[in-house]
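No hydrogens, no waters, no symmetry mates; every other heavy atom, side chains included, goes into these values.
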Amino acid sequence: MRVIGPESLGILNTHPAVSLNASMAPMMPPRGSLGLFSQSAAVGVAVYAAASRRRLGLSSFLSAGNRADVSGNDAMQYWEDDADTSAVGLYLESIGNPRKFSRLARRLSRSKPVIVAKSDVTGLSLPPGHEVRTTQAPGAAVDAMMRQAGVIRVETIEQLMDIAQIASSQALPKGPGLAVYSNSVALGKVVADSAVPLGLDVARLVTDLDLDAGMSLAVPALRSSLQESLADESVHAVVAALLPARGLTVEALAGVLAECAAESGKPVVAAFTGILDPSVQVEGMVGTAGKPVLPCYSNAGAAVAALAAIVRYAQWRDRDQGLFVEPEDCDVDGTRDTLTAMLAGVTGEKIRKLDAGAAAALLSGYGIEVVPSLGFGTSDEAVQAADTVGWPVVLKTTDPALRHRLDLGGVRLDIQDAESLRQNIAQMRRALEPYGSPSLEVQAMAPVGQACTFRAMEDPLLGPVLSFGLAGDAVNLLDDWAHRVPPLSAADLHDVIRSPRASRKLFGYQGLPAVDVAALEDIAARLAKLKDDHPGIALVEFNPVLAHPTGATILGAEVWIGNAAQRTDSARRAMRG
């Protein structure tokens with residue numbers, strides 16, 4: 001027996017063979033194809049009320065409360081197999097098992113839109129009664145996990161319902177082409193302008209509608225124009241932003257729009273500006289089988305934003321995500337044995353930083369090579385170290401705040417011979433005296449390129465998290481990171497390197513040569529698999545990684561290890577359909 005709650009609003013199922021209202025809702029909602037989930041009873045009331053105001057038909061509704069047993073992950077497994085549900089909406093106040101959520105949502109999103117409303121602090125703090133872990137990863141990592149899984153993420157219940165109206169009633173658009181209809185030139189232009197920044201292409205703008213001509217003339221003219229636009233291959237969806245017209249009811253306009261949407265198989269949404277309750281009731285508006293449903297809004301901005309979200313989801317679903325990437329030459333068993341030996345004596349929540357040699361040995365099991373650095377005390381030892389690593393060399397301090405700072409004198413490049421090395425050592429030591437005279441080391445000179453940084457951590461909530469950015473001010477000051485949660489597909493690897501705003505510098509920015517992006521993707525793939533396979537690796541940071549036209553070179557690597565007992569992926573539990 002499965003248990004729902006405690007502190008639950010209850011459950012609803014509108015299927016005629018079930019017709020169950022085991023909730024505090026005063027009446028059954030109309031039957032439809034939207035599945036809704038909420039956690040606390042109070043939020044459940046708000047979610048149910050928002051759906052009722054819009055007359056959205058539901059297939060089922062579940063309020064899980066404090067989730068002693070049944071959770072949102074269980075609900076998604078149920079909806080995946082439920083033929084009566086075509087779209088899913090969830091309001092999440094906390095996330096119990098995000099790795100499981102990511103896997104289920106990624107699978108469910110391939111067949112049904114998944115819309116999730118969550119606040120900016122979901123995962124960072126807990127509402128009363130929620131006994132789950134919180135995240136230590138960057139705040140953007142939870143959002144990245146949802147985008148990676150194809151989830152349509154929103155911030156409010158109203159935004160969730162805006163999108164759910166389209167997702168549960170309309171065909172998915174085949175592209176971003178948009179036709180805008182309005183009986184106001186000014187309003188039509190505003191709607192068209194608002195669509196472009198959201199990624200929509202305005203293929204047609206029709207603002208010469210004469211809706212004051214009366215029912216007998218206006219309705220046939222509107223139908224004919226809509227049919228012509230929807231037959232255009234460059235038009236994938238229609239937004240109709242209409243002002244009230246003399247002698248023409250909203251119900252009549254809604255009926256024409258709904259019929260044209262059903263005939264064409266393309267989404268049509270309506271914004272009845274100036275009408276307080278746009279959820280007009282016309283034949284088929286409740287979503288009964290075989291009848292058209294028209295998403296209605298009181299303002300055109302909400303209609304365009306909701307449609308744009310559906311277009312982005314459709315593009316994600318049509319995209320070939322590729323297989324999960326499994327890099328070659330990864331010694332999983334050998335690395336596990338090495339890590340187990342290193343973890344001896346590391347107990348509790350403590351983590352331990354590996355020395356450079358141990359870190360390099362651990363990483364080499366996954367084909368990750370780090371250019372070695374050798375420390376020294378005297379100038380003679382420095383020359384011997386340079387002979388070992390190979391000329392020309394780089395001289396740098398071991399101070400973590402200075403070792404990458406050319407401007408502060410912490411790095412000197414392209415030193416060609418012993419005499420020049422001795423001179424640079426003396427000059428650097430004088431320059432670093434104000435910083436406490438940190439120790440120095442030499443490293444073989446790598447090809448010049450764009451400095452990047454990788455980071456992979458074991459988060460108590462999300463599990464492994466991979467982050468990528470361009471080293472320096474982009475990540476240090478602007479927090480310009482891209483995040484992904486392993487395992488990673490080919491599409492994930494493509495996107496994580498290209499997602500930071502500064503990533504344009506990798507592709508020939510301002511005349512600089514483009515770098516070998518495939519080499520960066522290979523590093524990301526190996527690091528992601530390393531973290532996914534070995535939760536005992538608490539944190540890995542590569543900084544800098546020099547990306548150049550013929551490859552990418554890791555110049556610095558730091559590895560911390562710790563207790564991996566907190567990664568929990570429970571077995572599949574399924575509610576019977």
Report the C-alpha separation of Met161 and Val47 in whole Å, then their side-chain angles, then the decisive distance to 0.1 Å, and conclude whether the side chain to side chain contact (heavy atoms under 4.5 Å, CB included) test is met.
-> CA-CA 9 Å; Met161 295 305 166; Val47 170; 3.7 Å; yes

CG/Leu477: more than 12 non-hydrogen atoms of other groups inside 6.0 Å | yes

For Asp480 and Pro500, work out which heavy atoms get closest and say how close.
-> OD1-CA, 3.4 Å

Shortest non-hydrogen contact between Thr85 and Ser59, atoms and distance = OG1-OG, 2.7 Å

Where the side chain of Ser8 meets the backbone of Gly10, is there a donor-acceptor pair that is under 3.5 Å apart?
-> yes

Hey, does the side chain of Glu80 reach the backbone of Met76 with a donor-acceptor pair shorter than 3.5 angstrom?
-> no

For the pair Glu263 and Arg223, find out whether any cationic side-chain nitrogen is under 4.0 Å from an anionic carboxylate oxygen.
-> no

Hey, are Asp495 and Arg147 close enough for a salt bridge, meaning a charged N less than 4.0 Å from a carboxylate O?
-> no

Compare every heavy atom of Leu56 with every heavy atom of Pro30, then report the nearest pair and how far apart it is.
-> CG-O, 3.8 Å

Separation between CD1 (Ile157) and CG (Asp162), nearest 0.5 Å, reads 12.0 Å

Less than 4.5 Å apart, any side-chain heavy atom of Leu470 and any of Val475?
-> no

Under 3.5 Å, side chain of Asn73 to main-chain N/O of Gln77, donor-acceptor pair present?
-> no

Residue list, side-chain contact (heavy atoms from CB on, under 4.5 Å) with Asp201, at least two apart or on another chain = Pro176

What is the minimum heavy-atom distance between Pro464 and Glu458, and which atoms define it?
-> N-OE1, 3.9 Å

May I ask you to decide whether Lys174 forms a salt bridge with Asp318, counting only side-chain N to carboxylate O separations under 4.0 Å?
-> no

Measuring from Asp84:CG to Asn13:CG, what's the distance to the nearest 0.5 Å?
-> 7.5 Å

In terms of heavy-atom contacts, does CE of Met28 have more than 12 from other residues, nucleotides or ligands at under 6.0 Å?
-> yes

Where do Ser38 and Phe61 come nearest, in terms of heavy atoms and distance?
-> OG-CZ, 4.1 Å

Within 6.0 Å of CZ in Arg110, more than 12 heavy atoms from elsewhere = yes

Would you say the side-chain atoms of Tyr181 and Ser229 include a donor-acceptor pair closer than 3.5 Å?
-> yes

Under 3.5 Å, side chain of Ser63 to main-chain N/O of Gln39, donor-acceptor pair present?
-> yes

Starting at CD1 of Ile163, measure out to OG of Ser168 and round the result to the nearest 0.5 Å.
-> 11.5 Å

Rounded to the nearest 0.5 Å, what's the gap from CD1 on Ile115 to CD1 on Ile310? Could you check?
-> 6.0 Å

To the nearest 0.5 Å, how far apart are CG in Leu217 and CG in Leu222?
-> 12.5 Å

Set of ring pair (Phe, Tyr, Trp, His ring centres under 6.0 Å) partners for Phe468, sequence neighbours left out | Phe454

May I ask you to test the Val151-Tyr313 pair for a side-chain heavy-atom distance under 4.5 Å?
-> no

Leu493 versus Arg498: any side-chain heavy-atom pair under 4.5 Å?
-> no

Looking at side-chain heavy atoms only, is the closest gap between Arg455 and Leu539 below 4.5 Å?
-> yes

Would you call Pro29 and Tyr48 a side-chain contact if the rule is heavy atoms closer than 4.5 Å?
-> yes

Is a donor on one side and an acceptor on the other found under 3.5 Å between the side chain of Gln321 and the backbone of Trp316?
-> yes

Less than 4.5 Å apart, any side-chain heavy atom of Met145 and any of Arg484?
-> no

Given Leu478 and Arg501, is the side chain to side chain contact (heavy atoms under 4.5 Å, CB included) satisfied, shown in steps?
-> CA-CA 10 Å; Leu478 303 179; Arg501 295 187 299 277; 4.2 Å; yes

So, Ser60 and Trp79: side-chain donor and acceptor under 3.5 Å apart, yes or no?
-> yes

Run the numbers on Ser234 and Asp232 for side chain to side chain donor-acceptor pair (under 3.5 Å), then give the verdict.
-> CA-CA 5 Å; Ser234 66; Asp232 186 345; 3.0 Å; yes

All heavy atoms of Pro487 vs all of Phe324, minimum pair found to be O-CE2, 3.6 Å

Chi angles and distances behind the side chain to side chain contact (heavy atoms under 4.5 Å, CB included) call for Val116, Ile152 = CA-CA 6 Å; Val116 172; Ile152 304 171; over 6 Å; no

So, Ser111 side chain and Leu108 main chain: donor-acceptor pair closer than 3.5 Å or not?
-> yes

Give a yes or no on whether the backbone of Val190 and the side-chain of Asp193 come within a donor-acceptor separation of less than 3.5 Å.
-> no

Full working for side chain to side chain contact (heavy atoms under 4.5 Å, CB included) between Lys189 and Thr207 | CA-CA 8 Å; Lys189 184 65 167 62; Thr207 58; over 6 Å; no

Answer yes or no: is there a donor N or O on one side and an acceptor on the other, between the side chain of Thr14 and the main chain of Leu58, under 3.5 Å?
-> yes

Give a yes or no answer on whether the side chain of Gln148 reaches the backbone of Val485 with a donor-acceptor pair at less than 3.5 Å.
-> yes

Backbone of Leu230 reached by a side-chain donor or acceptor of Lys266 within 3.5 Å = yes

Arg106: what forms a salt bridge (charged side-chain N to carboxylate O under 4.0 Å, His left out) with it, not counting sequence neighbours?
-> Asp492

What distance separates Lys112 NZ from Leu34 CG, expressed to the nearest 0.5 Å?
-> 11.5 Å

Do NZ/NE/NH1/NH2 and the carboxylate oxygens of Arg67 and Glu93 come within less than 4.0 Å?
-> no

Glu228/Arg204 salt bridge by N-O under 4.0 Å criterion | yes

